[in-house]
Amino acid sequence: MKMYILLKDSLPDKFAPVVAAHASLACYKKFESNSDMQEWVQSVFKKVVCKVNDKEFENAKKEPDHVVLTESALDNQEVAIAFSPRQEYSKQFRFFSMWMPEN
């Protein structure tokens, strides 16, 4: 069981750590009463942070149980999406690249 956090590839690296932290917290707060979230918090607590393009981001928003984050310093653009922890994700998640800083 894991939480996926998707960061847009247009997000500057300097924002990524804070946005990912906010995404994790926002997801927990939104789904804290969800049984999968409760199990995740009390056990494995795994998170996967991936970098996605605009098309992948929009497709991922069609998945259930997520929260989208915006960044005020970037004109309130959507920059991340976090998914409530679950056992299985749709096939598209297998193809997302892990986030790595550009430098």
(message) Do Met1 and Glu39 make a side-chain contact, defined as non-hydrogen atoms from C-beta onward lying under 4.5 Å apart?
(response) yes

(request) Answer whether the closest heavy-atom distance between the side chains of Ile81 and Val67 falls below 4.5 Å. (result) no

(request) Kindly say whether Phe83 contributes a backbone atom to a donor-acceptor pair with the side chain of Asp65 at under 3.5 angstrom? (result) no

(message) Tell me which pairs pass ring-ring contact (aromatic ring centres under 6.0 Å, His included) where either residue lies in residues 33-55, with sequence neighbours left out.
(response) Trp40-Phe45

(message) If the condition is side chain to side chain contact (heavy atoms under 4.5 Å, CB included), which residues does Glu78 pass it with, not counting sequence neighbours?
(response) Lys8, Phe57, Glu58, Lys61, Val68, Thr70

(request) List in chain and number order the residues that pass side chain to side chain contact (heavy atoms under 4.5 Å, CB included) with Lys14, two or more places apart in sequence or in another chain; answer none if no residue qualifies. (result) Pro12

(message) Are the side chains of Val79 and Leu74 in contact, using a 4.5 Å heavy-atom criterion?
(response) yes

(request) Check whether Leu11 and Ile5 end up in the same hydrophobic cluster, where Ile, Leu, Val, Met, Phe, Trp and Tyr are linked by side-chain heavy atoms less than 4.5 Å apart. (result) yes

(message) Please determine whether the number of non-hydrogen atoms from other residues, nucleotides or ligands lying under 6.0 Å from atom NZ of Lys2 exceeds 12.
(response) no

(message) Using 0.5 Å steps for rounding, measure from the OH atom of Tyr4 to the CZ atom of Arg86.
(response) 10.5 Å

(message) Rounded to the nearest 0.5 Å, what separates atom CG in Leu7 from atom NZ in Lys51?
(response) 8.5 Å

Tabulate below the donor-acceptor pairs under 3.5 Å that side-chain atoms of residues 16-37 make, not counting sequence neighbours, or state none.
| from | atom 1 | to | atom 2 | distance (Å) |
| --- | --- | --- | --- | --- |
| Lys30 | NZ | His66 | O | 3.0 |
| Asn34 | OD1 | Asp36 | N | 2.7 |
| Asn34 | OD1 | Met37 | N | 3.1 |

(message) Do Met3 and Val48 make a side-chain contact, defined as non-hydrogen atoms from C-beta onward lying under 4.5 Å apart?
(response) no

(request) Report the residues that fulfil side chain to side chain contact (heavy atoms under 4.5 Å, CB included) with Gln42, sequence neighbours left out, ordered by chain and then residue number. (result) Gln38

Let me check something: any side-chain donor-acceptor pairs from residues 90-101 under 3.5 Å, sequence neighbours excluded? List them with distances.
| from | atom 1 | to | atom 2 | distance (Å) |
| --- | --- | --- | --- | --- |
| Ser90 | OG | Glu63 | OE2 | 2.7 |
| Gln92 | NE2 | Glu63 | OE2 | 3.0 |

(message) Going by the rule side chain to side chain contact (heavy atoms under 4.5 Å, CB included), which residues pair with Lys55 if we only count those two or more places apart in sequence or in a different chain?
(response) Asn53, Asn59

